[in-house]
Engineer: 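Quick one: this structure, given as structure tokens, is what I'll be asking you about.
These numbers come from a predicted model, not from an experiment. When a residue number appears, it is its place in the shown sequence, counting from 1.
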Amino acid sequence: MPSYEQLRELLDPATTVLLTVECQQGVVGPGSALPELAEEARSSGALAQVARLVNAAHESGVQVIHAVAERRPDGRGANRNARLFRAAERLPVRQLSGTAAVRVAAPIEVAEEDLVVRRLHGLSPIAGTDVDALLRNLGCRTLVVSGVSANVAVPNAVFDAVNRGYTVVVPADAIAGVPSDYTPAMVRNTLALVATVTGTEDVLACLARPRG
């Protein structure tokens, strides 16, 4: 874990962006296509922690980007080259563009100044989307990654951000995956090697403290 001063140095509101990953109703909401993941995101408190981070970002002037995964009803442009994609096509709840499933889920509040980036393909919220260009235009140096899942999309986001030169901060209690013991293993053995791992409370303290 970084010291408070080290973390505070990284989390300059002028150069920090908070990314929420797939925190959408069809993934973490009550009618999720992935009920086990939705239950884990809620019962672990991860979704509530994401909401707290978003609220703090709004108050401190940190830009928020919500990354949403969706698909066209006809599936045009979507991947079919992995078991995960083929299974998603058979789920009773599909992440279809324009439906409630692809709206950011409660208790996260989307402010007018937030950016919502939607992707129709792939596994990553960053690769092949507008996120990287938006981060560069925003002057981002540090990207705080939160959301789901620790199995696929979150590590993809972390790796892609690091490969593009951003410093990544991961509040470990604001991400979730399945089974429940997988997330801490992923954080400890993989994400901690490339990102600064901390907790939501430490991030909130850094954003709340006045700067000289």
Engineer: Can you name the nearest heavy-atom pair linking Glu22 to Val148, along with the distance?
Structural biologist: O-CG2, 3.4 Å
Engineer: Compare all side-chain heavy atoms of Arg164 with those of Arg136 and state whether any distance is below 4.5 angstrom.
Structural biologist: yes
Engineer: Compare every heavy atom of Ser146 with every heavy atom of Ile175, then report the nearest pair and how far apart it is.
Structural biologist: CG2-CA, 3.9 Å
Engineer: Please confirm whether the backbone N or O of Val110 pairs with a side-chain atom of Asp114, one donor and one acceptor, at under 3.5 Å?
Structural biologist: no
Engineer: Looking only at heavy atoms, what is the nearest atom pair of Val54 and Glu109, with distance?
Structural biologist: CG1-O, 3.3 Å
Engineer: For the backbone of Gly177 and the side chain of Asn151, can you confirm whether one donor and one acceptor N or O come within less than 3.5 Å of each other?
Structural biologist: no
Engineer: Would you say Asp202's side chain and Leu7's backbone share a donor-acceptor pair under 3.5 angstrom?
Structural biologist: no
Engineer: Can you see which heavy atom on Thr129 is nearest to which on Val117, and at what distance?
Structural biologist: CB-CG1, 4.1 Å
Engineer: Any donor-acceptor pair under 3.5 Å linking the side-chain atoms of Gln63 with those of Glu113?
Structural biologist: no
Engineer: Hey, does the side chain of Thr196 reach the backbone of Val169 with a donor-acceptor pair shorter than 3.5 angstrom?
Structural biologist: no
Engineer: Work out which heavy atom in Ala153 is nearest to a heavy atom in Pro125; give both atom names and the distance.
Structural biologist: O-CD, 3.6 Å
Engineer: State, yes or no, whether a side-chain contact exists between Pro171 and Leu53 at a heavy-atom distance under 4.5 Å.
Structural biologist: yes
Engineer: Could you tell me whether the side chain of Leu115 reaches within less than 4.5 Å of the side chain of Val64, counting heavy atoms only?
Structural biologist: no
Engineer: Taking Tyr166 for its side chain and Asp132 for its backbone only, find out whether a donor-acceptor pair lies under 3.5 Å.
Structural biologist: yes
Engineer: Check whether any side-chain N or O of Gln95 sits under 3.5 Å from a backbone N or O of Gly26 as a donor-acceptor pair, and report yes or no.
Structural biologist: yes
Engineer: Take a 6.0 Å sphere around CZ of Arg80 and say whether it holds more than 12 heavy atoms from other residues, nucleotides or ligands.
Structural biologist: yes
Engineer: Would you compute the distance between atom CG of Leu10 and atom CZ of Arg141 and round it to the nearest 0.5 angstrom?
Structural biologist: 11.5 Å
Engineer: For residues Ala161 and Leu143, report the shortest heavy-atom separation together with the two atoms involved.
Structural biologist: CB-CD2, 3.8 Å
Engineer: Given salt bridge (Lys or Arg N to Asp or Glu O under 4.0 Å), test Arg103 with Glu70 step by step and report yes or no.
Structural biologist: CA-CA 10 Å; Arg103 296 176 190 158; Glu70 59 182 51; over 6 Å; no
Engineer: Is a donor on one side and an acceptor on the other found under 3.5 Å between the side chain of Arg8 and the backbone of Tyr4?
Structural biologist: no
Engineer: Mind checking whether Val68 and Arg119 have side chains closer than 4.5 Å, heavy atoms only?
Structural biologist: no
Engineer: Verify, without hydrogens or angle tests, whether Arg118 (side chain) and Val102 (backbone) share a donor-acceptor contact under 3.5 angstrom.
Structural biologist: yes
Engineer: Report yes or no: does Gln6 contribute a side-chain atom to a donor-acceptor pair with the main-chain N or O of Ser3 at less than 3.5 Å?
Structural biologist: yes
Engineer: Is there a donor in the side chain of Ser180 and an acceptor in the side chain of Glu40, or the other way round, less than 3.5 Å apart?
Structural biologist: no
Engineer: Does any part of the side chain of Val187, heavy atoms only, come nearer than 4.5 Å to the side chain of Tyr182, both counted from C-beta?
Structural biologist: no
Engineer: Quick check on side chain to side chain contact (heavy atoms under 4.5 Å, CB included): which of Leu19, Leu18, Thr20 does Ile65 satisfy it with?
Structural biologist: Leu19
Engineer: So, Thr99 side chain and Leu96 main chain: donor-acceptor pair closer than 3.5 Å or not?
Structural biologist: yes
